[in-house]
Amino acid sequence: LYVDEAQYWTWAQALDWGYYSKPPVIAALIAATTGLFGDSELAIKSGALIVYPLSTLVLYALAQRLFDARIAFWTAVSFFTLPGVAFSSLIISTDVPLFLCWTSALYALHRAVADEGWHWWLLLGIACGIGLLTKYTMGIFAVSTVLWFALTPALHAQFRKPGPYLTALVAAAIFAPNLWWNHSHGWPTFQHTAEISNLEAGPGLHWDELQEFLGGQAAIMGPVLFVALLIFLAGIRRWWREPHSRFLACFTLPFLLLISAQALLGRANANWAAMTYAAGTLWVVSWLLQANRRGVVLAALAVNLIAMVAAYHYHAIAQATGRELTARTDYYKRVQGWDVLGEKVAALLAQQPGTRLLSNERDTISELRYYARPQSDGALWWNPQGVINSHYALVTSMQGQGGRDFLFVSRDSGLPAGMADSFLGTERLPDITVPVVPGWSLDYRVWRLQGFIGYPMAGR
């Protein structure tokens with residue numbers, strides 16, 4: 001499990017309307033799959049294997065409605081094999097359910113406008129509301145909708161009809177519990193979202209960040225399709241006049257441009273613009289096929305399939321070719337070795353019944369909560385200053401732990417300042433080292449802390 005996956009699993013053990021860094025849908029999805037299939041790594045990740053095919057089917061239905069079965073087929077195949085989707089299928093992330101919400105909202109919106117059925121506006125509100133409970137960037141869907149209505153004269157009347165307002169009301173009602181949860185907890189998710197956007201990265205424009213971000217977009221969509229998309233965009237006079245093309249443009253470009261602007265002003269991870277490629281894939285594939293350029297689609301598919309095979313079988317390919325992976329060449333090194341580390345920490349905890357795991361590192365406590373279970377149940381976060389900077393700082397506390405013994409696990413070479421004064425005794429245990437590949441290992445220091453007497457006075 002990646003660190004975030006392990007953390008999401010801990011969230012799923014205590015379902016709530018919100019968490020420190022994300023809204024609740026990802027935790028609910030993991031709770032559902034693990035409730036059905038158990039707590040194995042595959043069970044935790046299986047939501048991606050279930051949800052992505054559903055998102056693809058919805059996109060297929062939209063493409064068939066806008067164009068025809070041929071374009072729908074190639075759109076579905078192209079989307080399902082996008083490198084971003086293929087790689088994301090290996091992990092469970094918020095993008096997995098967000099794609100389903102986004103594609104469902106796209107389909108419901110088009111049906112609502114074309115068929116004028118109130119139930120489609122209702123379904124649109126449900127999709128948008130659940131999308132907001134998945135990731136706040138679902139809000140960009142509203143921006144795209146308003147833009148589509150405003151730039152299409154035939155749709156100006158939608159602003160005077162009750163449908164869009166019904167959608168907004170339903171979405172707001174579904175999203176409201178997360179707002180209340182944030183209000184009750186000091187708005188941690190909103191603060192975290194602002195912090196990771198890093199808009200205060202320094203004065204001026206960050207062209208290097210934008211360049212890195214756009215390179216990431218080529219990796220997510222695949223280089224052939226992304227270049228084709230850029231070429232297509234250059235011919236704005238041609239595609240803007242076509243209604244379906246304008247619809248897809250309004251649900252492709254705003255997302256990409258807004259996150260690009262964020263990268264330019266500060267920082268943006270490549271996957272933050274992932275929803276671009278729902279409508280974006282349909283848009284560029286339909287253009288290529290209508291222009292009789294199926295060869296480009298096939299070339300893009302071939303390149304993306306090669307990337308998929310490389311991602312899925314990276315270690316097997318390296319072994320078959322006799323290539324020794326190192327810290328520089330093993331791109332999966334950060335997810336390896338945690339099971340071994342967890343076994344060693346679990347054994348230490350089992351030797352001392354009643355002792356609880358303690359750490360001040362998010363990745364450490366997230367991975368060990370999973371891989372050292374059940375001995376790691378009840379793990380706590382060392383937080384003498386009371387700063388809410390992680391999920392564990394938000395939901396755990398040393399209050400009421402007086403007299404308890406702890407096993408402190410950390411990468412640091414020494415104890416945090418003041419920790420020794422907070423216990424009756426401290427004992428350094430042998431370090432734990434788990435080799436992964438040459439040049440990369442998990443190296444941890446371990447202490448037995450006896451009799452907690454309270455945080456240092458300055459931090460109380």
Side-chain angles (χ1 to χ4, degrees), residues 16-18 22-26 28-29 54-55 58-59 61-62 65-66 94-95 97-184 187 189-190 193-194 197 243-244 246-259 261-262 272-276 278-280:
D16 207 339
W17 282 108
K22 295 288 190 301
V25 163
I26 185 66
L29 178 59
L54 296 177
S55 302
V58 174
L59 191 60
L62 176 63
R65 180 172 177 82
L66 294 178
T94 52
D95 287 337
L98 186 61
F99 262 120
L100 181 57
C101 293
W102 189 274
T103 54
S104 298
L106 272 174
Y107 184 82
L109 174 62
H110 195 270
R111 291 296 301 265
V113 169
D115 301 346
E116 297 189 354
W118 67 268
H119 58 286
W120 289 113
W121 292 110
L122 177 62
L123 288 174
L124 175 60
I126 293 172
C128 290
I130 297 174
L132 287 170
L133 289 179
T134 302
K135 204 170 183 178
Y136 295 150
T137 48
M138 185 72 198
I140 298 177
F141 193 93
V143 176
S144 292
T145 302
V146 170
L147 190 65
W148 182 41
F149 289 173
L151 295 177
T152 307
L155 298 181
H156 289 176
Q158 294 296 333
F159 290 115
R160 300 187 297 273
K161 293 182 178 181
Y165 304 100
L166 171 64
T167 289
L169 184 63
V170 170
I174 293 173
F175 183 51
N178 179 254
L179 286 177
W180 178 253
W181 181 91
N182 267 281
H183 170 72
S184 303
W187 303 100
T189 317
F190 287 85
T193 302
S197 66
H244 293 336
R246 189 187 308 117
F247 167 68
L248 295 172
C250 288
F251 289 89
T252 299
L253 298 182
F255 214 120
L256 182 61
L257 293 176
L258 285 170
I259 307 300
Q262 184 172 328
W272 290 0
M275 295 309 107
T276 297

Can you check whether [Y]'s main-chain N or O pairs, donor with acceptor, with [X]'s side chain at less than 3.5 Å?
X    : Y    : value
N182 : T189 : yes
T167 : W121 : yes
Y107 : W102 : no
T152 : F149 : no

Exercise. Please lay out, stage by stage, how T103 and L62 fare under the test side-chain contact (heavy atoms from CB on, under 4.5 Å).
Key: CA-CA 8 Å; T103 54; L62 176 63; over 6 Å; no
Enter the distance from [X]:[atom1] to [Y]:[atom2] here, rounded to the nearest 0.5 Å.
X    : Y    : atom1 : atom2 : value
L59  : L106 : CG    : CG    : 8.0 Å
H119 : R111 : NE2   : CZ    : 7.0 Å
L109 : Q158 : CG    : CD    : 8.5 Å
L151 : H156 : CG    : NE2   : 7.5 Å

Exercise. Output, in order, the C-alpha distance, side-chain angles, deciding distance and verdict of side-chain contact (heavy atoms from CB on, under 4.5 Å) for T137 and L98.
Key: CA-CA 9 Å; T137 48; L98 186 61; 3.9 Å; yes
Which heavy-atom pair separates [X] from [Y] by the least distance, and what is that distance?
X    : Y    : result
L100 : S104 : O-OG, 2.7 Å
P23  : Y136 : CG-CE2, 3.4 Å
A105 : L124 : O-CD1, 3.3 Å
F99  : A274 : CZ-O, 3.3 Å
S144 : C250 : OG-O, 2.7 Å

Quiz item: Listed by chain and number, what are the salt bridge (charged side-chain N to carboxylate O under 4.0 Å, His left out) partners of K135, not counting sequence neighbours?
Solution: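 K135 satisfies salt bridge (charged side-chain N to carboxylate O under 4.0 Å, His left out) with D95 once adjacent residues are dropped.
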Practice problem: Check step by step if side-chain contact (heavy atoms from CB on, under 4.5 Å) holds for L133 and I174. | Solution: CA-CA 8 Å; L133 289 179; I174 293 173; 3.7 Å; yes
Practice problem: Show the numbers, then the answer: is there a side-chain contact (heavy atoms from CB on, under 4.5 Å) between L179 and W187? | Solution: CA-CA 8 Å; L179 286 177; W187 303 100; 4.2 Å; yes
Quiz item: Are the aromatic rings of F141 and F251 close, with centres under 6.0 Å apart?
Solution: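 Centroid separation for F141 and F251: below 6.0 Å.
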Practice problem: Determine the sole option in L29, N178, D16, T134 for which the side-chain contact (heavy atoms from CB on, under 4.5 Å) test with P24 is passed. | Solution: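 Only match with P24 under side-chain contact (heavy atoms from CB on, under 4.5 Å): N178.
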So do [Y] and [X] actually touch side chain to side chain, heavy atoms under 4.5 Å?
X    : Y    : value
L66  : H110 : yes
V143 : F255 : no
T145 : P164 : no

